[in-house]
Amino acid sequence: MPLFLDETQETLADTVRPFMAGEAPVAHLRALRDADDPAGFSRDLWRQFGEMGFTGVLVDEADGGLGMGHVEAGIVLEEIGRNLTPSPFLGTAVGAVEALRAADAALKQAWLPGIVSGETVAALALDESARHRPQSVALKAERQGNGFRLTGTKQFVAFGHEADMLIVSARSSGDVADEDGVTLFAVPRSQPGVSVVSARLADSSFAARVEFDGVELDGSAVIGEVDDGRATLNRILSGVRAGASSEMVGVAEGASAMTLDYIKQRKQFGRIIGSYQALQHRAAHLYSEMEVARAATLKAQQSLDAGSADEDRDASVAKAMAGMASSLAVREAVQMHGGIGMTDEYDVGFFMKRQRVLAEMFGDADFHADRLARMEGY
Amino acid sequence: MPLFLDETQETLADTVRPFMAGEAPVAHLRALRDADDPAGFSRDLWRQFGEMGFTGVLVDEADGGLGMGHVEAGIVLEEIGRNLTPSPFLGTAVGAVEALRAADAALKQAWLPGIVSGETVAALALDESARHRPQSVALKAERQGNGFRLTGTKQFVAFGHEADMLIVSARSSGDVADEDGVTLFAVPRSQPGVSVVSARLADSSFAARVEFDGVELDGSAVIGEVDDGRATLNRILSGVRAGASSEMVGVAEGASAMTLDYIKQRKQFGRIIGSYQALQHRAAHLYSEMEVARAATLKAQQSLDAGSADEDRDASVAKAMAGMASSLAVREAVQMHGGIGMTDEYDVGFFMKRQRVLAEMFGDADFHADRLARMEGY
Amino acid sequence: MADELETFRREVRDWLEANCPSEMRTPMRSEKDVCWGGRNFTFASDAQKQWLEVMAQRGWTVPDWPKEYGGGGLSPAEAKVLKQEMAALGCRVPLQSFGISMLGPALLEYGTEEQKLEHLPKIARGEIRWCQGYSEPNAGSDLASLATSAEDKGDHFLVNGQKVWTSYADQADWIFCLVRTDTSQKQGGISFLLFDMESEGVSTKPILLISGSSPFCETFFDDVKVPKDQVLGEINQGWTVAKYLLGHEREMISGMGGRAQGPSLSEYALGKLGRDEQGRLDDPVLRARIAMFEVRSHAFAAMSERFMDRLKAGRIHPAQPSMMKYYGTELNKDRHELLMAAGGSDALEWESESSGEGKAARAWLRTKANSIEGGTSEIQLNIIAKRILELPEG
Amino acid sequence: MADELETFRREVRDWLEANCPSEMRTPMRSEKDVCWGGRNFTFASDAQKQWLEVMAQRGWTVPDWPKEYGGGGLSPAEAKVLKQEMAALGCRVPLQSFGISMLGPALLEYGTEEQKLEHLPKIARGEIRWCQGYSEPNAGSDLASLATSAEDKGDHFLVNGQKVWTSYADQADWIFCLVRTDTSQKQGGISFLLFDMESEGVSTKPILLISGSSPFCETFFDDVKVPKDQVLGEINQGWTVAKYLLGHEREMISGMGGRAQGPSLSEYALGKLGRDEQGRLDDPVLRARIAMFEVRSHAFAAMSERFMDRLKAGRIHPAQPSMMKYYGTELNKDRHELLMAAGGSDALEWESESSGEGKAARAWLRTKANSIEGGTSEIQLNIIAKRILELPEG
């Protein structure tokens with residue numbers, strides 16, 4: 001498969017781009033923030049995502065979705081990134097849908113229709129510490145009759161406060177860091193014993209700390225096989241890592257486009273600042289980093305869609321590379337804007353904030369560089 | 001003590017600078033190399049160093065030296081660096097002299113006069129692997145009667161093939177990585193059982209692999225106390241690390257001066273290339289890195305001279321910082337020269353080669369950053 | 001001589017012991033503990049007010065200014081002794097002010113006798129609080145593009161225009177301000193004007209930063225009348241005065257950066273991440289990045305020490321502050337990037353008690369201005385390239 | 001169609017099996033195994049000579065050139081099949097040449113029928129070896145400063161001047177060369193000249209690099225007579241031909257870099273440094289730097305794949321090769337810095353058997369030219385800034 005978008009994918013991009021720019025540009029985020037919106041995103045927009053088919057992009061056609069792949073999800077996420085659109089898309093339409101692929105028909109039937117229609121929001125409750133450490137899973141799942149009892153805490157659960165369902169990784173046997181003994185659950189947030197405390201993050205989105213205080217679930221909430229959730233967990237993570245990479249590529253593109261516009265117009269010492277060679281070389285270097293990040297991201301998504309043996313590694317490469325490139329992009333954007341870039345009134349700071357949150361989510365560049373080293377045996 | 005050279009030190013610098021530029025400029029190195037000189041340095045020049053007092057800069061006045069400190073040794077080394085003067089100065093006048101400070105009067109009397117006069121060359125035989133790992137000392141020193149028997153191999157012994165005496169770290173008790181149980185020896189290279197194989201390095205200097213095949217020494221060759229050489233070893237290393245930093249600062253200055261001259265004259269596309277802002281910013285950034293490296297180096301030397309509790313840390317900071325800054329300096333020098341910088345005919349490549357050897361010697365920036373982290377407990 | 005200084009030191013110590021309220025010997029806990037003075041200043045405590053008064057009475061808010069202008073008339077050596085003894089006792093700075101740190105030196109250098117007598121004592125006593133009006137929306141580092149106009153109306157100027165980044169303009173009493181008095185020349189047509197912020201036609205609006213609220217304001221001038229004797233220095237020669245001040249400011253800012261600020265990076269990271277089996281920070285790539293940063297940070301601490309030592313000895317290249325400013329601010333930005341990485345998702349919180357209302361994230365975002373304010377990093381690099389390395393004009 | 005291709009594939013395979021000497025199906029061991037052809041070429045073996053001859057006879061040294069010029073006349077799809085089958089059998093490239101990779105395409109595009117018939121078959125058969133004369137001592141990337149002159153003497157040009165960086169000039173038979181035919185214009189006054197290196201007045205001198213001996217030469221022209229019909233393209237329009245070739249060259253060079261070359265960095269480092277108690281590379285900061293590099297390296301491998309895919313599909317911005325060249329060469333330099341670090345003092349050796357006569361150090365130094373030759377990194381960044389980002393002229 002050539003490493004660029006095919007015609008169908010280009011067509012999708014041509015649909016998503018004007019939609020996102022029209023319905024949910026940066027002004028949409030600003031308005032939600034200024035209104036102190038307690039959800040941090042628009043349910044109406046989410047339903048529109050459903051109508052457009054976006055939320056079901058990864059859902060099989062048999063289940064009412066578009067039956068597309070991670071490349072297509074990445075197309076949506078890139079536009080979400082470019083417009084800083086607040087949305088539970090990544091956790092729901094990529095993370096939860098990828099999880100439910102491993103679920104039985106009943107569980108699919110329980111959740112997929114709501115996701116496809118844009119009624120249901122799902123969230124990933126996977127992290128247990130401030131730094132991403134998915135290899136260790138401590139939240140306990142004790143057997144109880146035909147079901148389970150969950151006890152423990154998850155954190156950095158994006159949009160957890162608004163989610164209808166949580167994808168939860170739990171320790172059903174073995175030690176905290178064991179590969180085996182992990183079970184995944186689809187937990188209704190309304191389940192007794194689930195409590196959610198949310199905090200607004202720097203980018204105005206919300207993330208929650210979710211407490212599971214002896215939450216009782218019957219066997220139907222288990223995704224896939226008991227004790228055998230590690231492979232699915234890894235696949236969920238590879239999916240959202242690649243997705244977050246696309247979103248970061250979009251964020252970087254958005255910030256860079258603003259910046260290029262700005263330095264083509266702004267004058268200092270009687271000259272357009274974009275004509276100064278030092279800025280030109282920095283902009284050209286940044287462009288190169290971003291192109292490389294884009295290639296790595298698309299590669300990861302193609303690997304996922306092809307079920308390549310390298311999907312795990314490719315996702316880590318993408319997340320690290322996109323994290324570094326987009327970090328450079330937003331730092332250069334603020335610096336090249338000068339003072340105005342520091343003001344809340346101007347949009348460029350929003351890009352910096354969003355980038356930081358995405359860079360951290362599902363492991364930052366340091367985490368993934370280390371992970372790559374382990375995978376490659378050094 | 002203010003962190004700049006005092007008047008006496010400035011006077012010394014004013015003596016060393018024209019001497020080194022006059023007697024041993026880069027052309028001197030080139031001539032030795034082109035003649036395939038088997039020593040890799042000039043014994044005549046070494047005697048001149050003696051006459052000028054340089055070799056005795058760190059030797060007490062009572063022992064015939066100048067009784068000065070590491071700051072002053074650094075002044076000499078900076079000019080050695082600027083002119084790429086091939087010389088066993090660092091190993092002999094800093095390393096061996098620092099070692100002999102811990103020795104008894106007889107050992108001092110045996111070696112210092114020759115060093116002061118510029119007759120004797122000493123070398124440090126401390127490394128046992130291709131990467132600097134001084135914490136582990138495997139070369140065995142077994143007790144035998146009143147003396148010792150040394151068995152093992154040292155490598156990366158600069159000018160070991162020409163040295164009259166070797167400073168050797170040996171394991172007299174305990175395990176390879178133990179702090180205690182290290183004994184230092186002053187070993188005449190002519191001692192039976194010492195064999196030396198030398199190799200020319202990239203910078204045209206020589207380093208040797210030295211084999212100790214049951215070398216018998218009596219107790220008079222021990223520097224300081226048996227089993228208790230670690231502190232002296234550390235101090236030797238701090239001294240030569242700071243010294244190598246000065247030499248690297250000099251190398252960087254030499255390369256940068258050539259480069260600034262070049263970009264102030266060379267024209268491309270009808271303009272002096274030094275007027276292009278991208279080059280200007282890179283040159284200014286490099287200048288800043290070099291100033292910081294210079295400050296860190298002087299700080300380390302002042303700490304050594306004051307016997308500060310931080311001398312060890314300061315030497316690591318200096319070695320790492322000077323290593324990074326001078327690496328940038330030589331890379332920028334070659335790149336800014338363009339094609340001509342790649343030719344052997346032009347001098348700038350010599351700076352790159354020398355920098356690389358010095359950066360590796362006594363631990364590179366990675367080693368010292370890691371060491372700093374350990375010292376600071378993380 | 002040394003004896004006299006020792007006598008002076010004893011006197012100072014005794015006096016401080018007797019006159020510095022014990023509350024003023026504790027470290028400041030927040031911005032609120034800073035005494036800025038001025039017409040509308042509300043003292044945080046009686047002790048703060050008392051401490052300002054006794055110090056101002058001796059002229060020790062500005063110890064090295066001449067006595068006739070409200071200063072202490074101390075020699076440099078004596079002023080240093082005072083500083084040392086205040087530090088030894090932990091005495092707070094009695095008065096923080098742009099009047100002292102910025103305008104004062106310029107008034108002493110360029111002011112008429114009348115101007116000095118009018119303004120300096122009020123600055124020394126903390127009666128008038130000043131702000132600085134340099135930057136404009138279309139003239140950041142590039143003062144030659146300055147557009148705020150002061151039209152000559154015979155006995156007064158009529159000032160119109162807008163300033164930005166005016167720190168504490170909403171709380172200041174007077175402003176020192178660059179205005180264009182001649183549109184036919186660029187740098188030559190600028191004058192350095194002093195006027196009352198209560199003048200008719202002056203208004204201010206605070207600026208919200210990406211990190212949250214800030215001391216910065218936008219300041220608007222709409223037909224503000226300013227008497228002509230309120231020009232500092234020559235008319236159309238305001239550039240000279242401004243450059244004098246800018247050099248001063250850059251020195252101040254370059255003193256920042258490096259190791260001094262905030263918690264130790266490695267301790268913070270250890271607290272967040274713990275250790276691995278070998279006792280190292282349990283995040284190997286981040287540990288390496290921190291270690292490489294700490295090398296630079298230690299080295300820059302040495303550089304700062306060297307810079308101050310050489311500054312005191314008068315052995316500094318006049319453009320060296322540019323290097324300090326550049327390196328120090330870039331380093332500080334790096335430091336906060338690493339702090340954010342170590343903090344992980346905790347550090348991303350913006351409005352939560354546990355995060356101190358987003359302390360880490362706000363501090364991180366705030367540092368992004370370090371390399372913009374007081375002359376951007378690009379400007380500093382230009383200065384180094386031209387003035388130190390003597391590279392030719394483009 | 002697909003059937004025909006499969007038939008072709010079988011034929012090719014059978015032919016290769018029958019005609020490729022077994023020795024020519026083993027990997028090349030060194031530079032010496034490369035067949036460059038030319039008047040003075042000494043074949044390394046009979047098999048090498050035989051392999052060239054049989055391939056040249058079928059026109060398969062240049063499979064997609066037209067048959068009338070010595071090519072194979074294959075369609076792109078057929079040429080691809082040939083390449084695949086050669087790879088499958090491990091057949092060596094029968095002929096390496098700047099004539100094939102550089103001059104050939106330009107001759108096909110700009111040559112007269114006479115020129116094509118004269119030169120292309122000899123290139124295809126490996127009879128004439130070409131070198132390229134672009135760079136001059138004072139015109140590296142800046143061809144507009146080109147000084148080598150070709151004076152119009154009626155029936156011939158008289159060429160005087162000097163070229164540098166002429167690869168293998170000392171072994172080449174002919175040169176394609178940029179010369180100034182009109183001093184009154186800059187880029188417009190350049191012509192693209194072809195001439196015999198045995199012409200009177202041509203001399204060459206090998207260039208020693210910081211990494212040791214090199215294929216590069218200085219080439220001197222002293223009153224060299226060149227017939228006027230040996231201009232390729234229009235007189236004074238040599239720039240057009242040169243740009244066509246440069247684009248080609250940049251693509252080739254940008255194909256380098258990344259992961260393909262030499263041993264795996266991490267394997268090499270593990271071999272040198274071993275593992276710590278936790279099984280990690282026993283040099284924590286270096287390990288982190290290698291890991292961060294490997295992220296970029298893997299990502300650039302994806303970029304290279306994407307670049308080639310888009311190139312094949314004709315979906316590439318014409319300035320994208322600049323980005324590939326810039327990134328790939330900088331990455332390769334970083335890789336060798338890390339290899340040197342991992343090698344420690346062993347890698348510093350220059351003349352010793354154990355170091356392979358300084359293989360690591362020489363390779364490291366050689367990479368420093370990557371970001372200079374074929375257009376410096378600075379030039380590539382300029383091109384990206386201007387042509388892709390459309391930033392204004394300075």
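Using a 4.5 Å cut-off between heavy atoms, D:Leu273 does not touch chain A at all. Residue contact with chain D, scored on non-hydrogen atoms closer than 4.5 Å, involves the backbone of A:Leu5 exclusively. A:Arg294 touches chain D through its side chain: at least one heavy atom from C-beta onward sits under 4.5 Å away, while N, CA, C and O do not. Both the backbone and the side chain of A:Glu289 have a heavy atom closer than 4.5 Å to some heavy atom of chain D. At a 4.5 Å heavy-atom cutoff, the contact between A:Gln280 and chain D is made by backbone and side-chain atoms alike. If you measure heavy-atom distances from D:Arg310 to chain A, the contacts under 4.5 Å come from both the backbone and the side chain. Using a 4.5 Å cut-off between heavy atoms, A:Met1 touches chain D through its backbone atoms (N, CA, C, O) alone. Contact of A:Arg282 with chain D is not made at all, since no heavy-atom distance falls under 4.5 Å.
When the candidates A:Ala365, A:Ala295, A:Ala300 are compared by the number of heavy-atom contacts under 4.5 Å with chain D, A:Ala295 comes out ahead. Put simply, of D:Met303, D:Glu330, D:Lys312, the one with the most heavy-atom pairs under 4.5 Å next to chain A is D:Met303. Your options are D:Asp282, D:Leu270, D:Leu389, and the one with the most heavy-atom pairs under 4.5 Å with chain A is D:Leu389. Of the listed residues A:Gln302, A:Gln277, A:Arg313, the one with more heavy-atom pairs under 4.5 angstrom with chain D than any other is A:Arg313. Interface summary for chain A: among D:Ala385, D:Gly279, D:Ala288, D:Ala313, the most heavy-atom pairs under 4.5 angstrom belong to D:Ala385. Interface summary for chain A: among D:Arg296, D:Glu393, D:Glu390, the most heavy-atom pairs under 4.5 angstrom belong to D:Arg296. Across A:Ala296, A:Pro2, A:Ala325, the residue that shares the most heavy-atom pairs under 4.5 angstrom with chain D is A:Pro2. Of all the listed residues (A:Lys264, A:Lys299, A:Met321, A:His281), the one sharing the greatest number of non-hydrogen pairs under 4.5 Å with chain D is A:His281. Residue with the most contacts toward chain A among D:Lys386, D:Met292, D:Arg287, D:Glu305: D:Arg287 (heavy-atom pairs, distance under 4.5 Å).
Taking the charged nitrogens against the carboxylate oxygens, D:Arg366 and D:Glu373 do have a contact shorter than 4.0 Å, which makes a salt bridge. Using a cut-off of 4.0 Å between Lys/Arg side-chain N and Asp/Glu carboxylate O, A:Glu78 and A:Arg82 are scored as salt-bridged. One finds no salt bridge joining D:Asp309 and D:Arg315 here, because no Lys/Arg side-chain nitrogen approaches an Asp/Glu carboxylate oxygen to under 4.0 Å.
A:Tyr276 carries A:Arg271 over the face of its six-membered ring, with the cationic atom under 6.0 Å from the centre and within 45° of the normal.
Here the shortest heavy-atom pairing between A:Arg133 and A:Phe367 reads NH1-CD1, 4.4 Å.
For the residue pair A:Tyr378/D:Glu267, the side-chain donor-acceptor check at 3.5 Å is not satisfied. Between A:His132 and A:Arg241, the side chains place a donor N or O and an acceptor N or O closer than 3.5 Å (distance only, hydrogens not considered). Counting only N and O atoms by type, the side chains of A:Thr259 and A:Glu332 include no donor and acceptor under 3.5 Å apart.
The only option from A:Gln301, A:Arg235, A:His70 that meets the side-chain hydrogen bond (donor to acceptor under 3.5 Å, both in side chains) definition with A:Glu311 turns out to be A:Arg235.
The backbone N or O of D:Gly375 lies less than 3.5 Å from a partner atom in the side chain of D:Gln380, making a donor-acceptor pair.
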Inset, instruction - Would you sort out whether D:Gln84 and D:Arg9 count as a side chain to side chain donor-acceptor pair (under 3.5 Å), showing the intermediate values? - result: CA-CA 9 Å; D:Gln84 286 167 344; D:Arg9 185 184 297 277; 3.1 Å; yes
